[in-house]
Protein chains: 2
Amino acid sequence: MAKEQQTPKFRRAAATVRREALIEATLACLRKYGHDGLSVRRIGAEAGVSPGLITHHFPSVSTLIATAYETLSMSLLHSIEHHAREVDSSPRERLRRFYEAWFAPALLDPGLFNTWLVFWSMISHDAGVRAVHDRTYAAYRAALESLLGQLQRTGGVPAFRLRPAAIALSALLDGLWTEASINPRTFKPAEAVALCEDWTHALCAGAFPSLHPDTGGPSRASGRRQRRPRPQNRRRPVLPIA
Amino acid sequence: MAKEQQTPKFRRAAATVRREALIEATLACLRKYGHDGLSVRRIGAEAGVSPGLITHHFPSVSTLIATAYETLSMSLLHSIEHHAREVDSSPRERLRRFYEAWFAPALLDPGLFNTWLVFWSMISHDAGVRAVHDRTYAAYRAALESLLGQLQRTGGVPAFRLRPAAIALSALLDGLWTEASINPRTFKPAEAVALCEDWTHALCAGAFPSLHPDTGGPSRASGRRQRRPRPQNRRRPVLPIA
DNA sequence: CGCGCTGCTATACGGTTGTACAATAGCAGC
DNA sequence: GCTGCTATTGTACAACCGTATAGCAGCGCG
């Protein structure tokens, strides 16, 4: 009994690495358990650590979630951008690779979608999470604007307004990703890529009138119908639910 | 004291109307409290009813949620379709009115988005909710396919494959609706309508190659690049997170 | 080797959750 | 008007939640 294998009850770690470990444990929990994963006890168990530690390292649990949100979001964006930039080829090709990365199997994990749902559902409650969303959404849009800007400088591509174009493309990507994550049987990832490629094609063909640079606002967006008499003055409520 | 205003402690109701009232109370709770709204106590309080009643009328709380999901989803779809069909005009105009209804103020309520997040987050756990999603998504896609089919029969519009077109349009609508619900300041509803109108315009211009009727699958979707050598055999993981 | 800083654990607390079940009472039918 | 069916209530229960806090213990430093 002289040389007992007395394993230490816990190991100390620098605050930085412990915080990082907690963030990774949080992401693992959200991925595995979805909305039930953001519990100090569950995250602590995942990290092999006492529940009280997370409130010791983070002012509150929502701060931890917000940090995890920013970490994951930026990591994904960098991975996708890196994948798109890998081959040195035309902007059009880079955009296509961006789509491919967006619908790669790793991105279509249902656990990842559930993670995102948790982030989204916290936006309306927590100001920190909302700030992270605004930052990361801006970063995604900036990435798309960069790719689209390179595309615009390609010969034969008509000029278009970058910001609304990026908004539309981002929405298309998000919408396809959402449905693909919910029900993988609706369409194959390659179909999603093809639909995004179609969008690129239409953009290059100048088929999006409201994106023309001289189009100031959306009021003149439709172009042809200047007279919009707002026909039904008696506003029929679109949402009859109480 | 002879004529006491003795209010009955509760009122009996037929099972049907009580279930309906509980469904409406559920929707109100989800709208107000988001994910914290699906508690028997909160729903019961909203309906002015004891918590035990909901487990008495519904086998479980997830069944109630699934029913509420289907009710709200179909109600919204019918409202939007009704709004689109109101004027008897061109298919193109009906499609535009569909977009307008989609981004009407009532649909951009943050509470509605939070409600949807709850539904979405239950899909991976509950088979009933998943079935409701599959049904309602199919209904939405069918509605879009109907509108797009009418558009296709218009003179001057090239033929296109209905199903992937509806999938793409649905994704665009959903993606724009999501971001508009999260952050109303990113773009105005009219801009979203304009971007959808752009999509319609491109479709009518035949600017979506993969939607051409002869295009069989997504493998030939990109059209031009037949040789796709899958360049990087060492698959760099897109998601480096553990 | 031992001191001491502090990362970390363990527990307690008041609150919430879903489910179960016995008791109550509205109200319809006779 | 009384009776009986059953919708409804109220409570009990065990499990979980986030936070606060007192004290243990790893481990660097002297």
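Per chain, numbering begins at 1; letters A, B, ... match sequence-line order.
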What's B:H56 touching, base or sugar-phosphate or nothing? Going by heavy atoms closer than 4.0 Å.
base
Nucleic acid footprint by protein, nucleotides 21-30 of chain C - heavy-atom cut-off 4.0 Å, B for base, S for sugar-phosphate alone
----BBS---
Separation of atom CG in A:L64 from atom C1' in D:dT19, rounded to whole Å
15 Å
Within the 4.0 Å heavy-atom criterion, would you say A:A15 contacts the bases, only the backbone, or no part of the nucleic acid?
nothing
Please table the atom pairs, donor to acceptor, closer than 3.5 Å between any side-chain atom in residues 37-45 of chain A and protein atoms at least two apart or in another chain.
unit_1 : atom_1 : unit_2 : atom_2 : d
A:S39  : OG     : A:R41  : N      : 3.1
A:S39  : OG     : A:R42  : N      : 3.1
A:R42  : NE     : A:D36  : O      : 2.9

Nearest whole Å is fine: how far is C:dT9 P from A:I54 CD1?
13 Å
Applying a 4.0 Å non-hydrogen cut-off, can you work out what A:A13 is touching in the nucleic acid: base, sugar-phosphate, or nothing?
sugar-phosphate
When you compare the protein's N or O atoms with those of nucleotides 12-17 of chain D, which come within less than 3.5 Å of each other, and at what distance?
unit_1 : atom_1 : unit_2 : atom_2 : d
D:dC17 : OP1    : A:S39  : OG     : 2.8

Under 4.0 Å, heavy atom to any atom of DNA chain C: which of residues 43-51 of chain A qualify?
A:V49, A:S50
Dot-bracket for DNA chain C, 5' to 3', with Watson-Crick and G-U pairs under 3.5 Å, [ ] for crossing pairs and | for other-strand pairs: what is it?
||||||||||||||||||||||||||||||
Not counting sequence neighbours, which residues clear ring-ring contact (aromatic ring centres under 6.0 Å, His included) with A:Y33? List them please.
none
Can you tell me how the ring of B:W116 sits relative to the ring of B:Y69, calling it parallel under 30°, perpendicular over 60° and tilted otherwise?
perpendicular
Any chance the side chains of A:T178 and B:D174 put a donor and an acceptor closer than 3.5 Å?
no
Specify whether A:Y140 and A:W102 have parallel, tilted or perpendicular ring planes, treating 30° as the upper limit for parallel and 60° as the lower limit for perpendicular.
perpendicular
List for me each residue that meets side-chain contact (heavy atoms from CB on, under 4.5 Å) alongside A:R85, sequence neighbours excluded, and say none if there are none.
A:E81
Do you know the tightest heavy-atom contact between A:A68 and A:F119?
C-CZ, 4.2 Å
Round to a whole Å and report the spacing from CZ of A:F58 to P of D:dG18.
15 Å
Name all residues meeting the side-chain contact (heavy atoms from CB on, under 4.5 Å) criterion together with B:S181; count only those two or more places apart in sequence or in a different chain, and write none if there are none.
B:L108, B:F113, B:W177
Option among B:V118, B:N114, B:D109 that satisfies the side-chain contact (heavy atoms from CB on, under 4.5 Å) test with B:R31
B:D109
If you check the A:S60 side chain, which of D:dT19, C:dC8, D:dA7 turns out closest?
D:dT19
The side-chain contact (heavy atoms from CB on, under 4.5 Å) partners of B:S60 (sequence neighbours excluded) come to B:S62, B:T63
Can you sort out the partners of B:R141 under side chain to side chain donor-acceptor pair (under 3.5 Å), two or more places apart, ordered by chain and number?
none
Who pairs with A:H133 by ring-ring contact (aromatic ring centres under 6.0 Å, His included), at least two apart in sequence or on another chain?
A:Y137
I'd like to check the side-chain contact (heavy atoms from CB on, under 4.5 Å) partners of A:H57; sequence neighbours left out, ordered by chain and number.
A:A15, A:R18, A:R19, A:L22, A:L53
